[in-house]
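Atoms considered below: every heavy atom in the structure, side chains included; atoms not considered: hydrogens, waters and symmetry mates.
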Amino acid sequence: MQPVIETEPIIETRGDDWIWPFTLLDDNGVPIDLTGCGFDGAAIKWRTGSLALDAASGRLAVDAAAGAITIAIARDDTTQVPDGQRARCVLPITDSLDHKSTLLIIPIKVIAP
């Protein structure tokens, strides 16, 4: 699986709900089956901290057969991400053959409410 890196930042307001749905498609527009893939270490990271993205917290949802990944961060959690710093969403993936790569890196420009 080739890494996909989005270079344009997402602009988000601290204290709002952040919801980012993604569907991974192959060259023919068919969803990539993510069955058996893991996303350990997924996080929103910034200079002085991080916020884990995982199913247990409800911040990461994966519909494997549909190739769909949804990152959803509640407003109470987004208040932890400071504005004016370079934050980024990092989504590592371990595929069903145990190959590890970074699927997604998205810069986030966090603005004050």
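A pairwise comparison of heavy atoms in Ser57 and Ala52 identifies OG-O, 4.1 Å as the closest pair. The two residues Val110 and Ala87 have their closest heavy-atom pair at CG2-CB, 4.3 Å. Nearest heavy atoms, Ser96 versus Cys37: N-SG, 4.3 Å. Between Ala66 and Pro31, the shortest heavy-atom contact is O-CB, 3.2 Å. Shown here for Ile105 and Thr102, the closest heavy-atom pair between the two residues is CG1-CG2, 3.5 Å.
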Practice item. For side-chain contact (heavy atoms from CB on, under 4.5 Å), just list the numbers for Ile10 and Trp18, CA-CA rounded to whole Å, side-chain angles, deciding distance to a tenth of an Å, and then say yes or no. Key: CA-CA 10 Å; Ile10 294 174; Trp18 300 352; over 6 Å; no

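With contacts defined as side-chain heavy-atom distances shorter than 4.5 Å, the pair Leu103/Phe39 qualifies. Between Val81 and Ile108, every side-chain heavy-atom pair lies at or beyond the 4.5 Å cut-off.
Thr94 meets the side-chain contact (heavy atoms from CB on, under 4.5 Å) test with Asp98, Lys100; sequence neighbours excluded.
We find the CG-CG distance between Leu60 and Leu91 to be 6.5 Å, quoted to the nearest 0.5 Å. In this structure, Leu53 CG and Thr70 OG1 are separated by 12.0 Å, a value rounded to the nearest 0.5 Å. Here CG of Leu34 is found 5.5 Å from CG of Leu24. Values are rounded to the nearest 0.5 Å.
Crowding of Asp40 atom CG: a count of heavy atoms from other residues, nucleotides or ligands under 6.0 Å not exceeding 12.
Under the 3.5 Å distance criterion, the side-chain polar atoms of Asn28 are left unmatched by any main-chain donor or acceptor of Val30. Between the side chain of Trp20 and the main chain of Ile69, no donor-acceptor pair closer than 3.5 Å is present. Although no hydrogens or angles enter the test, the distance criterion places no donor-acceptor pair under 3.5 Å between the side chain of Thr13 and the main chain of Pro113.
With hydrophobic clusters built from ILVMFWY side chains whose heavy atoms lie under 4.5 angstrom apart, Leu51 shares a cluster with Phe22.
Within the structure, salt bridge (charged side-chain N to carboxylate O under 4.0 Å, His left out) contacts touching residues 62-85 (residues at least two apart or in different chains) are Arg14-Asp83, Asp17-Arg75, Arg59-Asp77.
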